[in-house]
Amino acid sequence: MELNFPAPEYRTIRFLRVFAFAIIASVCLSITLSQVLWTPLKTPLAGGETTVFNRTSQGFGQPAPNLTDAELALHTLGDRAFEATFVTSPAPINAGLGPQFNNVSCIGCHLRDGRGMATKGSLLVRVSLPPKALALTAEGKGAHSASLFQIDPKSLSPLTEASVSLGNAPPVPGLGTQIQDQAIYGVQPKATVAVEWQEQSGTYGDGLPYRLRSPRLDITLPDGQPLPKAVLTSLRLPPPVFGRGLLEAIPENTILALADANDKNKDGISGKPNRVWDVQQKKLVLGRFGLKANNPNLLQQNAAAYVNDMGITNPLFPDKNGGTEIDQKTLEASTFYTQTLGVPARTLVNDSGVRRGEKLFDQANCSACHIAQLKTGDHPVKAIAHQTIYPYTDLLLHDMGQGLADGRPDFDATGQEWRTPPLWGLGLTQAVLPYSTYLHDGRARTLEESILWHGGEAETSKEMFRTLSKGDRNALVRFLNSL
Amino acid sequence: MLNQVFRLGLWGAQGILVYGLLMSCSNASKTTISTPLAGASGLDRQILVDVVDKVMIPNYGQFAERAADLSRAIAVFSKTPDESRLKAAQVAWVNARGAWEQTECFAFGPASSLGYDGALDTWPVNEVDVKALLNSKTTLTADTIDQLKDTEKGFHVIEYFLFGAEQPRQAAELQPKELTYLKLMGENFAGVAQKLAQSWSQGIEGKPAYREVLTTAGLEGNAVYPTLVAGFEELVQGMVDSLDEVANEKLGETLEKKDPRLAESRFSLNTLSDIKSNLRGVENLYLGKFAEENLNGLGLSAYVAQVSPKLDKTVKEQIEQAETALDQIPAPLESAILDPKAAASIQVAQSALNKVRETLEGDVKPLMTKS
């Protein structure tokens, strides 16, 4: 039997064929491996099951998708209340405006459920006397005795105003604790407020110059006199209102566990809970809402906004005779609305710049206060209970340095302390409200400026950003815009 | 031997080709990640450009012109008030209203940031303060009007003066101070309308034209719309929200509460016409046309038809059905809501409008975001 071996040339060709296959196979394998190693990130659900996939100008105003039909109906009712434009009484629709106010509707300040513009109507000024003035009153002993917070509303100002932070923010005679710079016809606004922006310059580590601006208030009382210098003032920009139910549902223990008031871990970052007056429970509780965390829950936050910002008396803050201009149902519906607005999902999570920026955000220790992930606990509204969320806040107070200080204490918050604002949805800010600005008083025209204003506990993080290369700074901002 | 060399070369070439193909696929997927959907999904930037240049900007331009017409008609009437001049001003109001309501589905952008939307169209009217101002000794000037709350100027206060709280309005009823108020409001209104149009086409107060922001969606440096799909999504969202408001607030709630005072343009009895204009605006964006100025371009339809001709047909049919349903409601809506015989026609229209909304939200939007 003759064995037929392939000719030597043919063997060479077969070898080359195998070799070629091997090359192709290895190329395929390496591509597959690189795909496996380069795992595309799934878009994190910023608000857990309340997350909405909407990167439009209406991204802050969508109902959480996990509401029941009955809850959605209540949310819609709250939506109508939130957009209702109030007019002077008597009127068939939406009566009760003023007599003094800052704006005529909730959405007049929280435009498209987002922030307001740094202009008249949106910006407001909180005022108070220096805390030591309390010593003049009989009740001024002990900064936190409950009786301090139960001051007769009649003593505040001629007009009703919810003012519960009286312990260390004593009302100014004739002004109360907030300047309503508008009024119905025939009534004087409390004062006129003019804001002048003054500029200062700085330089990035790479030598590139930048400019920052800060507000200077010029407040004139109805008699033409300037506001006395001793009065403490705090200029405030309305913050966005979505996702607030989730923040309300974060267990108190979680927030307290994040606190490190005396900086025991020596990282230069403390984190302090505010203790504020709960009007319903009539006691001091953990503060969560407001730029200094001076409100304990959304019902009180909304009720205070109704009466302080629009002059709308309500079941929590009635007029002197117990009368109200909106009923309990409306107050509860508008509160439910703010509890159940969904949180927009992030965008471009697999963009290389965004991923690099996220690493830099951690490296610069921004994430020490802007904590990415938290878990909600029990809450009467099931849709927001037990969710894993990505708000980028710790809800704690931090010393942000002299540059950002308003010098006006609010319960346990000092004049230099502010609550870490959530950063979720930050990248939608300019789609929701073009030309809007950032930080508590709207001074920062860009996200870069916002970061550069950080001081105090955030000084080291700010310095790291300032000294990054331009490419890295852009990456960090690109990450923020992906939120 | 030559043949073998040739075959060897062929294998090598095949290998390089396969490698190249695989690499290009891999690169393509990475490119898609950094600039999602640019071109690949059928989203054509030209659609955004056409919708802005052939619908939105011409519509705002038309509104600004009609606002100026209204201001002139009011000036003529307030100088020599008589019935015919009053009628002319009323017609000018209705015309301006028609152009404005068509813009409702693209109210994003500078309209609310810069306060134009509020100054032009806030509801309800603060009748108590308007009357108090008229009864006061305050001298009315352009500055006084500028400083007024939004509930004391704009469309509905002008409407309140021109049509009166109780129909029909007589020219002789208007007092000199009311005529002055009206004239100044007309001027203020036309000025704001002009600024709004300018904010989109040329830019205002040192800010870039909003036209540039939307049409450059997804291009480097655009932090407002970082992806092309976000720009498209904005258009669909605007249509969805406008249809929701029209179906469930302007029609639904007004019918449910049977309260004509909830009808937005109740002084002029124009609410039904407002609603028809709102739907026309949605249709304009979808088709990329502004028929009143004979402009035709690519609309969202061009994209939907490419991906799903059937869905495109459905949207067009549903828009037509909603238009037909609105035409069946006996005008004015303000009385139709009180007429049990008309209730069914209102419900049919509400349901037809909701169908368009549901298709846009449930079928068209996912096409873009999931592709």
A quick test of your reading: do over 12 heavy atoms of other residues, nucleotides or ligands sit less than 6.0 Å from [atom1] of [X]?
X: B:Glu205; atom1: CD; value: yes
X: B:Lys207; atom1: NZ; value: yes
X: A:Lys470; atom1: NZ; value: no
X: B:Lys195; atom1: NZ; value: no
X: A:Glu199; atom1: CD; value: yes

Which bit of [X] is near chain A, if near means a heavy-atom gap under 4.5 Å: side chain, backbone, both or neither?
X: B:Gln237; answer: side chain
X: B:Phe108; answer: both
X: B:Val240; answer: neither

Pairwise distance [atom1]([X]) to [atom2]([Y]) - rounded to 0.5 angstrom:
X: A:Phe53; Y: B:Glu233; atom1: CZ; atom2: CD; answer: 11.0 Å
X: B:Asn126; Y: A:Tyr185; atom1: CG; atom2: OH; answer: 12.5 Å
X: B:Phe106; Y: A:Ser57; atom1: CZ; atom2: OG; answer: 13.0 Å
X: B:Glu234; Y: A:Gln58; atom1: CD; atom2: CD; answer: 7.5 Å
X: B:Asp244; Y: A:Thr76; atom1: CG; atom2: OG1; answer: 8.0 Å
X: B:Glu245; Y: A:Glu83; atom1: CD; atom2: CD; answer: 7.0 Å

Go through B:Val128 and A:Ser89 one step at a time and tell me if the side-chain contact (heavy atoms from CB on, under 4.5 Å) criterion holds.
CA-CA 7 Å; B:Val128 172; A:Ser89 295; over 6 Å; no

Out of A:Gln182, A:Lys120, A:Arg112, which one racks up the most heavy-atom pairs below 4.5 Å with chain B?
A:Arg112

Counting heavy-atom pairs closer than 4.5 Å to chain A, which one of B:Ala223, B:Pro110, B:Ala230, B:Gly238 comes out on top?
B:Pro110

Within-4.5 Å side-chain heavy-atom neighbours: [X] and [Y]:
X: B:Val213; Y: A:Pro434; result: no
X: A:Asn94; Y: B:Pro124; result: yes
X: B:Arg261; Y: A:Ile93; result: yes

Only counting residues at least two apart or in another chain, list the ones meeting side-chain hydrogen bond (donor to acceptor under 3.5 Å, both in side chains) with B:Lys149.
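B:Lys149 satisfies side-chain hydrogen bond (donor to acceptor under 3.5 Å, both in side chains) with B:Asp129, B:Glu152 once adjacent residues are dropped.
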
Heavy-atom cut-off 4.5 Å, strictly under: side chain, backbone, both or neither for [X] against chain B?
X: A:Asn54; answer: both
X: A:Thr88; answer: both
X: A:Ala183; answer: backbone
X: A:Leu97; answer: side chain
X: A:Ala91; answer: neither

Of all heavy-atom pairs linking A:Ala431 and B:Val224, the shortest is CA-CG1, 3.6 Å

A:Thr85 pairs by side-chain contact (heavy atoms from CB on, under 4.5 Å) with which of B:Asp150, B:Thr151, B:Val125?
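Exactly one pass, corresponding to B:Thr151.
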
Give me the contact list for residues 113-123 of chain B versus chain A, heavy atoms only, anything under 4.5 Å, ordered by residue number.
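Residues of residues 113-123 of chain B touching chain A at under 4.5 Å: B:Ser113, B:Leu114, B:Thr122, B:Trp123.
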
